[in-house]
Amino acid sequence: KEKYRVSDIKVKSLMAAGKADESINAALDFRRQLGLSAPQKKPASKFTIIREYIRVKRLLKNKTAEDIANLPELDDELYKMGERMNEHLATSVYLVEPTMLPLVIFQSVTTSLKHGLSPTSSPAFARLGMLLCGPFGKPHEGREMAKAAELILERPGMRSSTSNTIFVTQTFCHHWTSPLQDTIAQLLKGYQVGLEIGDTVKACFCLVGRMYYLFFTGRTLDSIQQE
């Protein structure tokens, strides 16, 4: 656990200092120290992404959002630490090597399906929804994964992922099948909860997403600037 705390601070500090490349190396290295699999730090081919998606699809076996949200709780500390590293990776690889992001997402979703749910499960399923809605062109399947993420949040002990999950579901998932106006209040909630729980980074992500969507729903720049 002490080693994890040191690695966690190191990964976050490197990211905060703008050293995303080094942050990725540190997170991947710690996962391997735990004996967990980690993707190679290199561009992922379309073949690799599709292959891993098919594996996840088989694990899902047409599970509904409710089925996923009712999975048992993850009680293996080793996997919990590994998934927290994946949570950091999801942000950093998007900046450095975006093709790695699907592999990180599939890995986290696989852990949740095989070993149980933890606070990192909610944003993991939200990001799966993001992939399905966008690159995979399956908005209704993606919306179901976003719903699963939101239902996971309702379980005890999951509040720490609220801002992160709201940012992903409302910014990347719901607008494919619902009016954009419906995202505005939720993104404000994500900002407010983020301030309450100390997740200021994702809180501000929600605020930025909300400002974009206020513009796209017809609000004037003057009124947005005032907010």
Side-chain angles (χ1 to χ4, degrees), residues 12 15-16 20 64-70 86-95 98 101-102 104-105 108-109 112 117-227:
K12 288 191 286 190
M15 190 65 189
T64 64
E66 289 77 12
D67 293 334
I68 293 167
N70 286 321
N86 266 359
E87 187 57 40
H88 299 319
L89 281 168
T91 301
S92 52
V93 297
Y94 180 76
L95 300 173
L101 179 58
V104 174
I105 294 169
S108 292
V109 169
S112 295
L117 302 176
S118 68
T120 56
S121 299
S122 181
F125 280 99
R127 292 189 187 101
L128 179 58
M130 173 185 72
L131 287 181
L132 290 168
C133 286
F136 283 80
K138 299 174 183 288
H140 291 286
E141 290 183 29
R143 182 72 181 260
E144 189 71 8
M145 293 302 101
K147 183 181 176 184
E150 290 159 352
L151 289 174
I152 291 169
L153 275 185
E154 295 176 8
R155 292 176 53 146
M158 302 294 181
R159 193 166 186 258
S160 61
S161 294
T162 302
S163 295
N164 200 354
T165 300
I166 287 177
F167 169 69
V168 178
T169 57
Q170 299 299 327
T171 309
F172 297 106
C173 300
H174 287 304
H175 70 276
W176 293 94
T177 55
S178 298
L180 195 58
Q181 184 66 42
D182 293 351
T183 66
I184 304 300
Q186 285 299 309
L187 285 166
L188 182 59
K189 176 187 173 184
Y191 168 68
Q192 292 167 335
V193 173
L195 294 185
E196 291 171 12
I197 63 178
D199 189 0
T200 51
V201 173
K202 294 304 188 296
C204 289
F205 279 15
C206 287
L207 203 59
V208 171
R210 182 173 183 269
M211 286 189 286
Y212 272 113
Y213 284 179
L214 282 172
F215 175 74
F216 288 128
T217 54
R219 284 277 294 276
T220 64
L221 288 175
D222 285 346
S223 70
I224 296 170
Q225 187 176 24
Q226 282 180 350
E227 284 206 31

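Just the heavy atoms: all of them, side chains too, but no hydrogens, waters or symmetry mates, feed the values below.
Just one residue in the list Gln170, Glu227, Arg210 forms a side chain to side chain contact (heavy atoms under 4.5 Å, CB included) with Leu188, and that residue is Arg210. The residue from Phe167, Tyr213, Tyr212 that alone fulfils the ring pair (Phe, Tyr, Trp, His ring centres under 6.0 Å) condition with Phe172 is Phe167.
Atom CD of Gln225 is separated from atom OG1 of Thr220 by 10.0 Å, given to the nearest 0.5 angstrom. Taken to the nearest 0.5 Å, the OG1 atom of Thr162 stands 16.0 Å off from the OH atom of Tyr191. The structure places CE of Met158 at 8.5 Å from OG1 of Thr120, a figure rounded to the nearest 0.5 Å. To the nearest 0.5 Å, atom SG of residue Cys206 and atom CD1 of residue Ile166 are 6.0 Å apart. Interatomic distance, CZ of Phe215 versus CG of Leu180, reported as 12.0 Å (0.5 Å rounding). A distance of 11.5 Å separates CG of Leu221 from CE of Met211, quoted to the nearest 0.5 Å.
A donor-acceptor pair is defined here as one N or O able to donate and one able to accept, closer than 3.5 Å; such a pair exists between the side chain of Ser163 and the backbone of Gly190.
The shortest distance between side-chain heavy atoms of Glu66 and Lys147 falls below 4.5 Å. Contact of the Met145 side chain with the Ile68 side chain is registered, since non-hydrogen atoms from C-beta on lie closer than 4.5 Å. The closest side-chain heavy-atom distance from Thr171 to Leu187 is below 4.5 Å. At a threshold of 4.5 Å between non-hydrogen side-chain atoms, the residues Glu87 and Asn164 count as touching. In this structure the side chain of His174 reaches within 4.5 angstrom of the side chain of Glu150, judged on heavy atoms.
Salt bridge absent: Lys189 and Glu196 never bring a charged side-chain N and a carboxylate O closer than 4.0 Å.
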>> Could you go through Lys202 and Ile197, starting from their C-alpha distance and side-chain angles, then the distance that decides it, and tell me whether this counts as side-chain contact (heavy atoms from CB on, under 4.5 Å)?
In response: CA-CA 11 Å; Lys202 294 304 188 296; Ile197 63 178; over 6 Å; no
>> Pair Glu154, Leu151 - check side-chain contact (heavy atoms from CB on, under 4.5 Å), show working.
In response: CA-CA 5 Å; Glu154 295 176 8; Leu151 289 174; 3.9 Å; yes
>> Walk me through whether Ile184 and Leu214 qualify under side-chain contact (heavy atoms from CB on, under 4.5 Å).
In response: CA-CA 7 Å; Ile184 304 300; Leu214 282 172; 3.8 Å; yes
>> Does Ser122 form a side-chain hydrogen bond (donor to acceptor under 3.5 Å, both in side chains) with Arg155? I'd like the steps, not just the answer.
In response: CA-CA 10 Å; Ser122 181; Arg155 292 176 53 146; over 6 Å; no
> Passes side-chain contact (heavy atoms from CB on, under 4.5 Å), Ile105 versus Met130? Steps please.
Replying inline: CA-CA 10 Å; Ile105 294 169; Met130 173 185 72; 4.2 Å; yes
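The heavy-atom pair separating Met15 from Leu95 by the smallest distance is CE-CD1, 3.2 Å. Closest approach of Leu153 and Ser161 over heavy atoms only: CD2-C, 3.8 Å. In plain terms, the two heavy atoms of Thr177 and Pro139 that are nearest each other are CG2-CB, 4.1 Å. Closest of all the heavy-atom pairs between Ser160 and Asp199 is O-OD2, 4.2 Å. In terms of heavy-atom proximity, Ser112 sits nearest to Leu117 at CB-CD2, 4.0 Å. Minimum interatomic distance between Ala203 and Gly194 (heavy atoms only, all atoms of both residues): CB-CA, 3.8 Å.
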